[in-house]
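Some notes on the structure that comes next.
By convention in this document, chain letters (A, B, ...) are assigned in the order of the sequence lines, proteins followed by strands, and residues within each chain are numbered from 1.
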Amino acid sequence: MPPKSKSPPVETLREPPSRREMLQRAGLAAGVMAGTAALAKWRWDKGGFGQHFAEGQRQVRDFRLRSDPGPLDLAIARGKPEDPTRPPATPTQLVEAVLAAMGGMQRFISRGDVVAIKPNIGWDRTPLHGANTNPEVVGAVVKACYAAGAKHVVVTDASCNDPGRCFQKSGIWNAAYAMGAEVILPSEHRFRTMRLRGDVLDEWPVYTPLVNADKVINLPVAKHHNLSKYTAAMKNWYGVLGGRRNRLHQSIDLSVADLATFMRPTLTILDAVRVLMRNGPQGGNFDDAREAHVVAACTDQVALDAWGCQLIGQKRENLAYLKIAEERGIGTSQFEKLRTREVSLV
Amino acid sequence: MAAALRDKGQRGEKGREDAVSHDAPIPWRGVVGQVPALDTLGEALPPPSPSVTREGPPKRRLHLRLVEHQVVHAETEEATGSRCALPVQGIVGVTDPSQPVASAAVGASSAPAKGPSKVTQWVKKLFQKKRRAGSGIPARTSIRTLVWIRRLAQTGFFLLFMYWLVNTAFRGSFASTEQNIRMTKPVEGFLLADPFVALITLLSSHTLYRGLFWSLGLVGLTLVFGRVFCGWICPFGTLHHFLGWLLPSRKGKGAKRVAANHTRPYQKLKFYLLYAFLAAAAAGVVVGGVFDPICVMVRAVGLSVLPATAWVSTHLLGMASNSNVRLLQVSADATQDLLARSVFQTKQYYFHQAWFIGALFVAILFMNRIVPRFWCRALCPLGALLGVMAKYAVVGMEKDHAKCTDCNLCIVHCQGADSPQGGVKWRQDECHVCLNCETACPEDVIKFRFFPNWKSRTTELVPERRTALASVAAGAAFYALHRQSDASVAEVNYNPKGIRPPGSIEEHAFLEKCIRCAECMKVCPNNALHPAFLEAGVEGLWTPILIPRIGYCESSCVLCGDVCPTGAIQKINETQKLGKWKQIGKEWEVAPIRMGTAFFDKGRCLPWSMATPCIVCEEFCPTSPKAIYTLDDVVINRKGESIKVQKPVVDPNLCIGCGACEKVCPVVDQPAVYVTSVGESRSKTNVILLENTSYNTKT
């Protein structure tokens with residue numbers, strides 16, 4: 001508080017400001033006005049109802065090999081003996097067989113690559129239920145990646161059920177970790193909103209560990225699905241999205257095609273060791289799955305789905321998303337036209 | 001008995017009068033004689049600093065430590081009062097603040113113009129050997145050691161509690177896929193050791209559930225040492241202790257703190273609460289859990305404080321990870337991963353009306369600014385119960401009344417407001433055995449020992465028998481009045497929202513067991529369990545309910561029953577929960593545990609009313625075969641196109657009421673499929689179907 005005085009000194013009030021003081025005050029006032037104007041211009045909310053439209057180019061994350069001289073496009077390893085008393089081929093053997101047929105993992109992985117592997121770890125089910133990718137298959141692929149010279153291998157998925165439970169119960173956490181992979185639990189902060197600019201998928205949270213890599217390997221499991229009828233390679237990309245994925249089902253074929261357009265993996269390896277025949281996509285009874293002992297690898301995710309749907313007795317003509325994907329040029333459903341080799345391990 | 005208390009008050013007055021006629025000088029009264037503690041030490045007091053003169057008259061509030069200047073008591077440092085400035089006026093009474101002594105003290109508090117800097121002074125003060133007030137006789141080494149052991153014990157038990165609380169969660173593990181998921185640590189340990197929980201559930205259900213046997217250990221401890229739980233173990237008590245020391249109010253210091261720490265009639269409130277809760281428990285509802293300190297801690301910290309902290313940390317670290325600096329991004333991501341794996345979870349938790357629980361918690365903690373440990377003294381029913389037991393404790397306080405100089409140092413540091421000072425009787429039922437008084441006492445008046453001379457203690461627990469009886473009646477009346485009203489979920493009104501966790505026992509028995517400790521809500525991996533407000537009736541306040549819109553019951557998870565300390569939710573296994581379906585014969589071999597039944601709101605369902613394919617509910621339905629099946633149909637949309645849709649239908653014989661369908665329904669606000677409690681397997685009346693009806697076999 002300034003000291004109180006009964007009457008302010010009148011003379012000081014009347015005294016005209018000096019030129020210097022006048023200039024200072026005028027300059028200050030001008031500065032404040034200019035600053036205010038600049039701030040207002042900068043932060044001017046022009047109003048209106050902003051609405052997002054999918055514009056411009058589709059977003060694509062293409063991890064395919066640029067010039068691929070490989071010997072094959074599709075390799076299939078079968079390990080189920082006709083004589084049921086004989087033991088079937090192990091998942092590791094099946095994976096090694098398809099990879100060898102495809103020209104070895106070093107065809108796909110270069111020295112020093114960061115590799116993201118995307119198995120299906122969607123459900124709180126054990127390997128016998130056949131709802132998630134077989135852990136042994138995951139382990140074998142991780143091992144092959146490191147053998148091919150990968151610097152770092154990440155195994156992850158955005159689960160449907162509680163992730164901690166899915167990662168443990170599926171056995172993938174254990175198997176991948178044992179082979180030296182980094183297993184990342186899908187935490188909320190790992191998702192970044194991206195504009196995919198697809199037909200039905202525009203702005204969605206994308207799971208960053210799966211797209212921030214040099215090479216991406218899709219590792220789906222062949223399953224029945226009530227709405228899309230068959231789910232494997234292309235629908236596995238649901239796990240790359242966060243947010244409320246439940247809206248996708250209203251246009252499941254288009255959204256699957258949009259995702260397959262967005263994600264172009266280096267390689268897709270289909271696990272069909274146990275195939276979920278009904279009650280998909282999560283099963284629940286051991287009886288819901290049947291032993292097939294098949295692993296297939298393909299550079300074309302559309303062709304792999306077209307081939308794989310036969311495992312559950314589906315026909316590729318019934319799968320609308322294959323047709324859309326084919327029209328978009330993501331791949332071909334005519335897997336017969338690919339360079340194919342079948343390996344039998346029995 | 002009231003007379004006894006009044007008498008004590010008088011005796012206290014009398015004690016002060018006695019002190020006035022004391023021969024020896026009493027520094028804190030300042031009434032008689034000279035004050036040797038201040039002027040015999042021969043150190044020249046610094047001159048009044050310029051800051052004092054600038055501010056006019058010296059501050060009226062003085063810092064005790066500075067008044068003494070040389071005689072600060074080190075041992076009493078952490079206790080409630082010593083950090084706060086004691087207004088010398090309040091204690092000294094006649095000391096004129098304008099006298100040089102006071103001004104000097106003020107002067108010392110602000111750095112002299114050309115003296116050492118504040119930091120140097122502060123560092124010097126840290127290393128300065130502090131001496132005790134009064135006669136200068138230090139407390140015995142044994143007692144100083146014991147006080148330090150107590151501090152370590154408090155810290156240790158608090159950290160243990162937090163460790164268990166934070167680990168009341170499943171974050172995944174490397175265990176084999178076949179291994180059943182259970183808690184690996186006894187995360188509900190504090191509740192198991194809680195005799196109040198044991199007693200109320202014993203009174204209500206006439207049984208003592210499993211681990212509650214551990215509470216006998218605490219009973220034994222109390223029968224030997226008194227309320228050591230309150231002063232040494234209780235995490236809530238430790239929190240109050242700490243806050244009372246850290247953040248005393250300006251109005252809660254010095255003489256006011258001494259006044260606040262005197263034994264007061266309001267401390268009887270906790271006994272009335274205890275008796276009311278015991279009566280309510282005997283009648284059949286363990287509403288006492290609302291006030292149990294461990295329950296309060298688990299509930300408030302687990303449902304409010306931790307999620308709020310997670311939210312703040314996510315947003316702060318989120319800013320860092322959204323920045324363009326690569327290093328910042330990577331380290332923020334790594335920190336968030338680490339936190340998600342260790343302290344929080346991979347997602348943000350949202351609890352029903354947790355703001356209310358959090359606000360009450362803050363309010364209770366805030367009371368420490370004015371009355372230290374208000375909760376422990378006035379409200380805690382566990383403290384009251386331990387107080388009743390402390391009557392028989394063999395460790396107690398002995399006082400040498402003649403030696404007491406009424407310096408009030410013991411009261412300043414007293415936790416339980418149990419009258420440790422000379423001239424009055426010690427209240428054993430209020431004492432937390434924190435040993436602050438013995439440490440603080442400069443005259444060796446107070447001594448804790450085994451089998452002491454009981455002359456100067458009292459354990460008159462409930463002075464007014466009528467009020468005690470009235471509180472018992474109130475507790476019983478609460479129960480009766482509530483049960484006869486239509487708000488009672490157990491009796492008449494089946495609230496559709498009262499969906500109980502899997503493995504919950506029948507509602508009457510549930511209310512006899514559930515102590516509202518929120519362990520089940522904390523452990524729930526999907527954020528599905530929430531504290532009820534009025535959904536389960538007034539008596540069901542903060543009991544767990546399933547809110548599927550926020551989270552559904554994970555089908556193979558049985559963790560809520562695993563952590564339930566009282567058996568309100570039974571320890572079920574996976575087979576019991578999921579049941580066993582016979583593919584041949586199409587019927588249940590073992591019936592699953594149902595929490596309710598799902599219903600479709602066809603007017604909001606996309607395939608049913610909007611010619612849009614969807615059936616996410618069917619996809620997420622965890623039972624096998626799925627309780628939601630679909631009817632294929634071709635509908636014509638507005639454009640005249642034929643759309644193939646699958647219309648979802650619930651099979652009530654298969655539905656377990658887990659709420660997965662409700663959670664994932666894309667109609668976000670008011671879902672097209674929702675679960676209500678009807679059909680829950682724990683109830684014999686809240687049912688739809690005739691027993692053993694199998695719609696599947698009929699067709």
Side-chain angles (χ1 to χ4, degrees), chain A residues 122-129 131-132 135 158-175 177-178 182-190 192 208-209 225-228 231 242 244-253 278-288, chain B residues 169-179 181 314 317-318 321-322 332-333 335-337 339-341 344-348 524-526 551-552 554-557 578 581 583 606-607 610 612-626 629-630 646 660 663-668:
Chain A
W123 306 97
D124 171 24
R125 300 287 192 215
T126 62
L128 278 183
H129 286 109
N132 302 313
S159 309
C160 298
N161 290 142
D162 169 32
R165 214 163 261 277
C166 296
F167 276 62
Q168 176 181 334
K169 280 280 182 182
S170 65
I172 292 174
W173 194 347
N174 222 340
Y177 187 82
E182 184 193 6
V183 181
I184 300 178
L185 280 180
S187 299
E188 271 172 3
H189 70 272
R190 291 282 191 177
R192 301 271 151 76
T208 49
H225 190 283
N226 201 353
L227 194 60
S228 65
T231 160
R244 293 187 69 89
R245 296 191 293 217
N246 49 16
R247 277 186 291 149
L248 304 181
H249 294 67
Q250 292 154 35
S251 187
I252 196 161
D253 298 318
R278 59 170 172 266
N279 227 21
Q282 53 170 321
N285 267 327
F286 296 149
D287 312 343
D288 294 339
Chain B
F170 176 71
R171 299 191 178 89
S173 75
F174 288 121
S176 90
T177 60
E178 300 308 316
Q179 183 149 356
I181 292 167
T314 307
L317 290 168
S321 31
N322 285 336
D333 272 351
T335 315
Q336 293 214 55
D337 272 345
L339 283 174
R341 273 203 304 269
F344 309 128
Q345 263 115 332
T346 53
K347 59 173 183 281
Q348 175 68 43
C524 181
N526 282 352
Y552 63 93
E554 191 70 63
S555 71
S556 73
C557 173
L578 297 170
W581 177 261
Q583 203 63 44
L606 300 178
M610 298 180 197
T612 309
C614 179
I615 63 159
V616 192
C617 47
E618 192 259 5
E619 179 181 326
F620 257 77
C621 183
T623 62
S624 176
K626 287 177 187 291
Y629 59 100
T630 53
Q646 292 156 298
K663 165 71 186 162
V664 299
C665 179
V667 189
V668 178

I'd like to verify something: which residue of [options] has the highest number of heavy-atom pairs under 4.5 Å with chain B?
{"options": "A:Gln250, A:Arg165, A:Glu188, A:Lys169", "answer": "A:Arg165"}
{"options": "A:Asp288, A:Asn161, A:Asp124", "answer": "A:Asn161"}
{"options": "A:Gln168, A:Gln282, A:His249", "answer": "A:Gln168"}

Please state whether the side chain, the backbone, both or neither of [X] comes within less than 4.5 Å of a heavy atom of chain A.
{"X": "B:Asn526", "value": "side chain"}
{"X": "B:Asn322", "value": "side chain"}
{"X": "B:Cys557", "value": "both"}
{"X": "B:Thr630", "value": "side chain"}
{"X": "B:Gln348", "value": "both"}
{"X": "B:Glu554", "value": "side chain"}
{"X": "B:Ser321", "value": "both"}
{"X": "B:Tyr552", "value": "side chain"}

### Task
Indicate yes or no: at least one non-hydrogen side-chain atom of A:Asp162 is less than 4.5 angstrom from one of B:Phe170.
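Yes, at least one pair of side-chain atoms sits under 4.5 Å.
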#### Entry: Donor-acceptor pair, side chain of B:Glu619 and main chain of A:Asn226, under 3.5 angstrom
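No, the answer is negative, given that no donor and acceptor are paired below the 3.5 Å cut-off.
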#### Entry: Non-hydrogen atoms of A:Pro186 and B:Thr346 that approach each other most closely
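Shortest heavy-atom separation between A:Pro186 and B:Thr346 comes out as O-CB, 3.8 Å.
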#### Entry: Residue pair B:Asp337 / A:Ser187: nearest heavy atoms and the distance that separates them
OD1-OG, 3.9 Å
### Message
Under a 4.5 Å cutoff for heavy-atom pairs, which residue among B:Ile615, B:Leu606, B:Val668 has the most contacts with chain A?
### Response
B:Ile615
### Task
Count the heavy-atom pairs under 4.5 Å between each of B:Ala332, B:Ser555, B:Cys665 and chain A, then report the option with the highest count.
B:Cys665
### Query
Does atom CZ of A:Arg247 have more than 12 heavy-atom neighbours, drawn from other residues, nucleotides or ligands, at distances under 6.0 Å?
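Atom CZ in A:Arg247 is not crowded, with 12 or fewer foreign heavy atoms closer than 6.0 Å.
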